[in-house]
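Structure, as structure tokens:
Order of listing sets the numbers, starting from 1, for every ligand and every atom in it.
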Amino acid sequence: SAPLVIAVDGPAASGKGTIAARLAAWLGLPYLDTGLLYRAVGMAVLRAGGDLDDTGLAARMARDLKLEALCDPELIGRAAGEAASRVAFHPEVRAELLKLQKDFAGQPGGAVLDGRDIGTVIAPDAPVKLYVTADPEVRARRRWLQLTGRGEAVDFETVLADIRKRDARDAGRDAAPMTRAHDAVLLDTSLMDIEAAFDAARRIVETAR
Ligand code: C5P
């Protein structure tokens, strides 16, 4: 049978990362959180003292990216998420990261990837596509709980404003904008806890494959 590739897209704090990781564990498939690639590039630019709008610098950082950089715990912070969205805007950066992601999706045994453009650009032929979303207020609350739980002092309104700004930038850019692929199944997790969301995702996979 054809390799099982599962594309999971959606906005920040929708639950897509947890769902993708759990689907991968359930199916015994390799998993790639593609947001980490953009986060690592953004942090590399910041650490070099560079400007996130500097296309050439960001593209070089993407080209020179080492996989070890993906283990940096700083990558889950607010600064990295914002920097990621800024560098992800540049088509040149996206082009540098394309092969690694396509190769990952093309593994003979299949794979699970999550991001913004997996179902549209990275793995348009994936047999299973999910677009995971939730209301901005719900996502902001989840992200706020996560950040304050890690000891990052930030108020809810700031997190909500960050989420709205990032959604608008990710959905509004010309290069591989965040969007639901026409054949992706929509999963709105606004009223679901993670168990319910994973159950729903598992049913979608079982139906689709
Ligand atoms: O998913 P995560 O929040 O870690 O992604 C961080 C940022 O990286 C996103 O806001 C988006 O701008 C960018 N990204 C992207 N394409 C992907 C994954 C992430 O543009 N496939």
Side-chain angles (χ1 to χ4, degrees), residues 5-21 23-24 31-46 52-53 55 58-59 61-62 65 69-105 111-124 126 129-134 136 138-140 142-147 150 152 154 159-181 184 187 189:
V5 179
I6 304 182
V8 184
D9 290 301
S14 57
K16 69 180 187 309
T18 309
I19 288 171
L23 287 175
Y31 163 56
L32 180 63
D33 168 359
T34 65
L36 284 179
L37 303 173
Y38 294 94
R39 286 169 180 263
V41 172
M43 287 308 286
V45 171
L46 292 180
L52 296 165
D53 296 326
T55 304
M61 293 302 189
L65 186 71
L70 305 185
C71 302
D72 177 355
E74 287 271 315
L75 297 188
I76 54 179
R78 264 182 79 212
E82 175 66 15
S85 166
R86 300 269 304 275
V87 295
F89 197 85
H90 305 298
E92 294 82 354
V93 169
R94 310 196 69 85
E96 291 291 350
L97 300 175
L98 194 65
K99 183 176 185 306
L100 184 154
Q101 297 176 84
K102 286 213 176 241
D103 286 351
F104 195 93
V112 181
L113 294 87
D114 83 65
R116 302 291 185 289
D117 63 344
I118 309 304
T120 51
V121 174
I122 304 298
K129 297 182 187 178
L130 273 77
Y131 192 82
V132 184
T133 189
V138 172
R139 292 187 283 121
R142 288 176 186 160
R143 184 49 55 85
W144 179 81
L145 285 170
Q146 194 182 42
L147 291 170
R150 292 176 49 227
E152 215 172 308
V154 58
V159 177
L160 179 58
D162 279 0
I163 290 237
R164 289 193 192 281
K165 193 168 64 175
R166 192 127 74 87
D167 284 357
R169 192 189 292 125
D170 289 347
R173 71 185 172 218
D174 290 333
M178 169 174 78
T179 184
R180 176 159 84 96
L187 177 56
T189 66

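Thr189 contributes a side-chain N or O that, together with a main-chain N or O of Ser14, makes up a donor-acceptor pair within less than 3.5 Å. Side chain of Arg139 to main chain of Ala13: no donor-acceptor pair is present (N/O by atom type, distance under 3.5 Å, no hydrogens or angles).
A donor-acceptor pair shorter than 3.5 Å cannot be found between the side chains of Ser85 and Arg166. In this model, no donor atom of one side chain and acceptor atom of the other lie less than 3.5 Å apart for Thr18 and Arg142.
Interface atoms of ligand 1 facing Asp117, defined by a heavy-atom separation under 4.0 Å, are 16 (N), 17 (C), 21 (N). Each of the following atoms of ligand 1 lies closer than 4.0 Å to a heavy atom of Ala84: 6 (C), 7 (C), 8 (O). Which parts of ligand 1 touch Arg39 is read off a 4.0 Å heavy-atom cut-off, strictly below it: atoms 2 (P), 3 (O), 4 (O), 6 (C). Close approach of ligand 1 to Asp170 (heavy-atom distance below 4.0 Å) involves ligand atoms 9 (C), 10 (O), 11 (C), 12 (O). Close contacts of ligand 1 with Gly115, meaning ligand atoms under 4.0 Å from a residue heavy atom, involve 17 (C), 18 (C), 21 (N).
The closest protein non-hydrogen atom to atom 13 (C) of ligand 1 is Ala88 CB, 3.6 Å. Ranking protein heavy atoms by distance to atom 6 (C) of ligand 1, first place goes to Arg166 NH1, 3.4 Å. Nearest to atom 14 (N) of ligand 1 among the protein's heavy atoms is Tyr38 CD1, 3.6 Å. Closest to atom 18 (C) of ligand 1, if we only count protein heavy atoms, is Thr34 OG1, 3.3 Å.
The shortest separation from a heavy atom of Arg173 to ligand 1 is under 4.0 Å, placing the residue in contact. Heavy atoms of Lys16 approach ligand 1 to within less than 4.0 angstrom.
Residue Asp114 places no N or O, backbone or side chain, under 3.5 Å from any N or O of ligand 1.
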>> Under the criterion salt bridge (Lys or Arg N to Asp or Glu O under 4.0 Å), I'd like the reasoning laid out for Arg86 against Asp53: C-alpha separation, chi angles, the key distance, then a yes or no.
In response: CA-CA 7 Å; Arg86 300 269 304 275; Asp53 296 326; 3.4 Å; yes
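Of the charged side-chain nitrogens involved, none lies within less than 4.0 Å of a carboxylate oxygen, so that Arg143 and Asp162 do not count as a salt-bridged pair. For the pair Arg169 and Glu82, the salt-bridge criterion is met [side-chain N within less than 4.0 Å of a carboxylate O].
Summarising the contacts of atom 20 (O) of ligand 1 with Met178, Arg94, Lys165, Arg116, the nearest heavy atom is found in Arg94. For atom 19 (C) of ligand 1, the nearest non-hydrogen atom from the set Ala7, Ala175, Gly35 belongs to Gly35.
Taking 4.5 Å as the limit, every side-chain heavy atom of Val8 sits out of range of all side-chain heavy atoms of Ile118. Inter-residue side-chain proximity for Leu65 and Leu97 is flagged as met; some heavy-atom pair is nearer than 4.5 Å.
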